[in-house]
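What you see is a predicted model, and the numbers here were worked out from it, not measured in a lab.
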Amino acid sequence: LDYRFAPDDPAYAHPLDHQLTFLLLNRLTGQTIWQRTIVAPNDQQQAIVLGIDARFAYLASSVPAATPGASGPTTQLMAIDLATGASAWRIAGPQDSSVFPRDNGTLLTLGHQLIWQVSSNIYSIDVTQGKVRWHNVTAEDNLSALPQEEMQMATSAGLLFITRSDQFHVFDLASGNELWTVPNPGPDSLQNPPGLLASGHTLLVYGGGQIQAIDTTTQSVLWSQKQLDAVLDVHISDDGKIVYALLVDSIEGSSPAQALVAFDMRNGAALWTFQPGDPTRFLHQRSAGFQYRHGIIFTTVCFPDPSGSCPYERLYALKGTTGGTLWKVDARHILAVYLGTSGDILLFQVESSAWQDLLGRFRG
C-alpha cells in the first residue's frame, strides 16, 4: 500500500481510483479472450474471486449500505460465465456489521450445487438457475474465528459438515435440515485450530490433542487417538482407508516431538510412522508443507541445530501405503510448494548452495 507513504504523490493512485477487471486468458498464448470491469473507478465496492468450475467463476463483492446509518455493506455472490464474461446471476447475502471486518465467505463447489458459507450463514445454491435451494443460519459467538471455520467444510454421503467453536454441525445436503452435532474438542493452539474431514460414512474430527472417527450412520465413535500434545494437520487417502496425521506427542515424559503417522481408518491402528531425525520439525503445517495426492505424500522438514535454527531443509516424497521415501531434495530453504490439481507436477522454490546443487545432480 505505497499510497500510505506518499498519499499526495501522483505516482501512487488512491485505491478508490482503481478499477477491478476480471480477465480470461488463453493458457497457451496469454492472449485475452475477454475482460470485464467488476468494480468501476470511484465505486465504493470490493470484490474477490472465491472459486471456479467448468462453467462459471464465482466472485464475492460488497455493496455499500443503501441508506445512511445502515449496519454495514451487503455481501453478494456473483457468477461470471467463463464463455462470455457476462454476469449469469447474483445472490444477495447477509448484511455485515460495520464493527467487524467484512467477510466474503468460503465456497464449496459440488457440480450443480454450491455451498456458500458467509457470516454465520449457509446458502445452498442451484448453479444452473442461480437460486437459493435452502438457507440456514448457524450462529457463532466468536466472530473472529469465522474465517477459519468457514474453510472447514466437508461433504460425504449426502451430508454437509461445518465447524463452529462449540460444535461440529451435520446437515442434510439436499434439504438443509440439521441432523445432529458433535462436540468441538477445541484448538490445540491459536495456530492449530480444530478441523474435520469426511470420507464415505466416516467423519473425522480433530483438535484439543485428539482425533476421533465417527460413523455417520449410527453417530457412534469408531475409534479415537487421545492424549496427544497437538494435531497439526490431517489428510485421508484417496480410497478412504488410511488417515495421515501430523502430530506432536511426548513419550514417557520426554520432550514433545513431531511425527507423521498413518492410521487405519477402520480401527485407528498405527500403520507406520515417519520421523526422519531427532529432533525433526515439519514445516508449513496446514499449508504447502504437507500434501497428499494419488498415493504420495509431500512434506518438508528441517533438522534444527542446537541453537534451534535450521541450517537446511528437505522435501520428501513418501509412498502413502508404507511411508517409504520415493525421493528427496535438500536445500537451505524450500518455499512455495505447489502440487498441481492432477497430482503429476510439483512446483517449489529453493534457496541452495553450489555444493547442494552438485549433490542433487549426482543423486538424481
Side-chain angles (χ1 to χ4, degrees), residues 1-6 11-12 25 27-28 30 48-49 52 147-148 151 187-193 195 229-235 237 244-249 255-262 272-320 322-364:
L1 302 176
D2 296 323
Y3 71 91
R4 291 186 176 179
F5 301 98
Y12 302 117
L25 306 179
R27 183 178 300 182
L28 298 179
I48 185 173
V49 178
I52 192 169
Q148 284 186 327
M151 293 187 290
D188 293 310
S189 67
L190 293 177
Q191 293 74 30
N192 299 301
D229 289 347
V231 182
L232 305 180
D233 199 4
V234 178
H235 290 269
S237 63
Y244 305 106
L246 188 55
L247 308 175
V248 181
D249 199 11
S255 58
Q258 296 183 1
L260 179 60
V261 183
W272 53 260
T273 299
F274 177 73
Q275 195 174 27
D278 188 17
T280 298
R281 187 164 72 238
F282 290 79
L283 303 177
H284 320 301
Q285 295 98 346
R286 299 206 172 184
S287 64
F290 175 31
Q291 300 185 69
Y292 170 85
R293 195 72 52 81
H294 303 327
I296 301 177
I297 298 169
F298 302 95
T299 185
T300 310
V301 303
C302 85
F303 302 91
D305 58 22
S307 68
S309 62
C310 217
Y312 73 97
E313 299 173 1
R314 181 176 293 167
L315 173 64
Y316 284 94
L318 307 175
K319 191 172 182 179
T322 64
T325 301
L326 297 173
W327 52 264
K328 56 189 175 182
V329 174
D330 289 335
R332 287 177 180 170
H333 297 292
I334 298 175
L335 310 166
V337 181
Y338 171 77
L339 181 61
T341 54
S342 62
D344 56 354
I345 295 179
L346 185 73
L347 304 177
F348 55 93
Q349 177 183 343
V350 298
E351 296 177 10
S352 61
S353 64
W355 174 248
Q356 287 172 322
D357 290 341
L358 183 62
L359 289 177
R361 181 178 303 177
F362 282 106
R363 182 180 291 117

Distance-minimising heavy-atom pair for H235 and Q291: NE2-CA, 4.4 Å
Which atoms form the tightest heavy-atom contact between P187 and P193, and what is the distance? CB-CA, 3.9 Å
Taking all non-hydrogen atoms of both residues into account, name the closest pair between L346 and L315 and its distance. CD2-CD2, 3.9 Å
To the nearest 0.5 Å, atom CG of L283 lies from atom CZ of R281 at 6.5 Å
Taking atom CG of L335 and atom CD of E313, what is their separation to the nearest 0.5 Å? 7.0 Å
Hey, can you tell me if F298 and W327 have their rings parallel, tilted or perpendicular (30° and 60° cut-offs)? tilted
Residues in side-chain contact (heavy atoms from CB on, under 4.5 Å) contact with P147, at least two apart in sequence or another chain: none
Residues V329, F348; criterion side-chain contact (heavy atoms from CB on, under 4.5 Å); working and verdict: CA-CA 11 Å; V329 174; F348 55 93; 4.1 Å; yes
How close do Q275 and Q258 get, counting heavy atoms only, and between which atoms? NE2-O, 3.0 Å
Before you tell me yes or no, could you show the steps for T325 and L318 under side-chain contact (heavy atoms from CB on, under 4.5 Å), namely the whole-Å CA-CA distance, both residues' side-chain angles and the distance that decides it to 0.1 Å? CA-CA 5 Å; T325 301; L318 307 175; 3.8 Å; yes
Using only atom types and a distance under 3.5 Å, with no angle test, would you say the side chain of W272 pairs donor to acceptor with the backbone of G320? yes
Between E351 and A331, is there a donor-acceptor pair closer than 3.5 Å when you use the side chain of the first and the backbone of the second? no
Specify the closest pair of heavy atoms between R314 and I334, including all atoms of both residues, with the distance to one decimal. C-CD1, 3.7 Å
Could you pull out all residues at least two apart from A230 that satisfy side-chain contact (heavy atoms from CB on, under 4.5 Å)? D188, L232, V248
Counting C-beta onward and ignoring hydrogens, is there a side-chain heavy-atom pair between V234 and L246 closer than 4.5 Å? no
Hey, do the aromatic rings of F274 and Y316 have their centres closer than 6.0 Å? yes
Is there a side-chain contact between F282 and F290, using heavy atoms and a 4.5 Å cut-off? no
If you look at every heavy atom in L25 and G30, which pair is closest and at what distance? CD2-O, 4.0 Å
